[in-house]
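A short write-up of the structure that comes next.
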Number of protein chains: 2
Amino acid sequence: MLSKACQYAIKSLIYLAKHNDRAYIPLSEISKNINSPEAFTSKILQKLVSAKMVISTKGSRGGFQIINHEKILLGDIVEAIDGSNLSEGCFLGLPECSCQNPCPVHFKYVELKNKLNTFLFQISIDELVDIGSMVI
Amino acid sequence: MLSKACQYAIKSLIYLAKHNDRAYIPLSEISKNINSPEAFTSKILQKLVSAKMVISTKGSRGGFQIINHEKILLGDIVEAIDGSNLSEGCFLGLPECSCQNPCPVHFKYVELKNKLNTFLFQISIDELVDIGSMVI
DNA sequence: CATAAATTGGACAATATTGTCCAAATAACC
DNA sequence: GGTTATTTGGACAATATTGTCCAATTTATG
Ligand code: FES
Ligand code: FES
């Protein structure tokens, strides 16, 4: 359902939120703890930096730090990484998804879309820090 | 959300169901009407044949014919084409999705999964033949 | 100032998905 | 029986996603 890149992004952000008391956290620690390929995770963190969800500093004692935990929603992360929204567009791939020119599944799909949107855009990272584990 | 392959598969089946009165329908007609690449659609129809959702005959006047419209559910098609279920597995990619070892989004995600499953496994192809259009 | 620890960015590699081409087999029809 | 219309299956090509490697840059610290 989600791309790997998004999965790593969300896991990274949850990890950063969990450890937000300690200053900058290096990539090596993040990827070790969320069990992700380090170099690939690096690229993803760069995107999160340009999306202003994370700040970074180079050099010794450098690393990443999450900013505005409360405001980062799952859907924002997906958009920042994949460039699209997951609930966007027609289920069957028509160029437009609208009630004026619906595809055969349209009216059933819009209901599901609503649920998906509340899932994506009502859950913030800071709600997730105290629940569950992220490693194998 | 859905792979292109699945989208073409569903569109093909809807088209076949719409024209089930006329005997075999050739690939060329299907892909013209659902606006899909012909050779790629051919591979997809082969999978639908081996999944026994469609029968085919070669040669002049040959083509494809849908069987058991009523029984073909969207989720069955996705499984036949992609080999997996779209609602399967952990949202964050953990190897198991379970309430015993939940990831941070698990309990919110299972609710969405239920909605997705009813969407996928309560809609059959023959419910869709009279609704909407499938072309650009 | 030298060294160590870190991000950044570019180039590359591997894999998966999407898509094309073509020869072979088959069936209908004249 | 030859021709035409079709599926089938294999090999291939293009693109997207995932992943790796490495040099350059930056910062802290002794
Ligand atoms: S038009 Fe296809 S889902 Fe809305
Ligand atoms: S364990 Fe992650 S969604 Fe269930």
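Sequence lines set the chain letters: A, B, ... in the order given, protein chains first and strands last, and positions in each chain run from 1.
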Which residue lies more 5' along DNA chain D, comparing Glu38(A) with Lys43(B) via nearest heavy atoms: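 In this pair, the answer is Lys43(B).
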Contact nearer the 5' end of DNA chain D, comparing Thr41(A) with Leu45(B):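 Between the two, 5'-proximity favours Leu45(B).
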Using whole Å, report how far [atom1] of [X] lies from [atom2] of [N].
X        : N       : atom1 : atom2 : value
Ile30(A) : dA5(C)  : CD1   : P     : 18 Å
Ile34(B) : dG19(C) : CD1   : P     : 11 Å
Ile55(B) : dT8(D)  : CD1   : P     : 11 Å
Ile44(A) : dT8(C)  : CD1   : C1'   : 15 Å
Leu27(A) : dT27(D) : CG    : C1'   : 17 Å
Tyr24(B) : dT7(D)  : OH    : C1'   : 12 Å
Leu2(A)  : dT17(D) : CG    : P     : 14 Å
Ile25(A) : dT27(D) : CD1   : P     : 20 Å

Are OP1 or OP2 of [N] and a side-chain N or O of [X] less than 4.0 angstrom apart?
X        : N       : value
Thr57(A) : dA6(C)  : no
Gln46(B) : dT7(D)  : no
Tyr8(B)  : dT18(C) : no

Flag for Ser87(A)-Asn85(A): side-chain donor and acceptor within less than 3.5 Å: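 Side-chain D/A pair, Asn85(A) to Ser87(A): present.
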Any side-chain donor near an acceptor of the partner, Thr41(B) and Glu38(B), under 3.5 Å: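 Per modelled atom types, Thr41(B) and Glu38(B) side chains form no pair under 3.5 Å.
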Any Ile10(B) side-chain heavy atom under 4.5 Å of Phe91(A) side chain: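 With C-beta onward as the side chain, the pair touches.
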So which nucleotide from [options] ends up closest to the side chain of [X]?
X        : options                   : answer
Arg61(A) : dT7(D), dT4(D), dT29(D)   : dT29(D)
Lys58(B) : dA28(D), dT26(C), dG19(C) : dT26(C)
Phe40(B) : dT6(D), dG19(D), dG19(C)  : dG19(C)
Pro26(A) : dT8(D), dA6(C), dT8(C)    : dA6(C)

Pair Tyr109(B) + Phe119(A): ring centers closer than 6.0 Å: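 Here the rings of Phe119(A) and Tyr109(B) have centres that are less than 6.0 Å from each other.
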Touch class at under 4.0 angstrom, heavy-atom based, for Gly59(A) against every strand present: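 Base, at least one base atom sits under 4.0 Å.
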Residue met sooner reading DNA chain C from 5', once Ser60(B) and Asp82(B) are mapped to nucleotides: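 Counting from the 5' end, the first nearest nucleotide belongs to Asp82(B).
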Glu79(B) side chain to Asp76(B) backbone, donor-acceptor under 3.5 Å: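 Not a single qualifying donor-acceptor pair exists.
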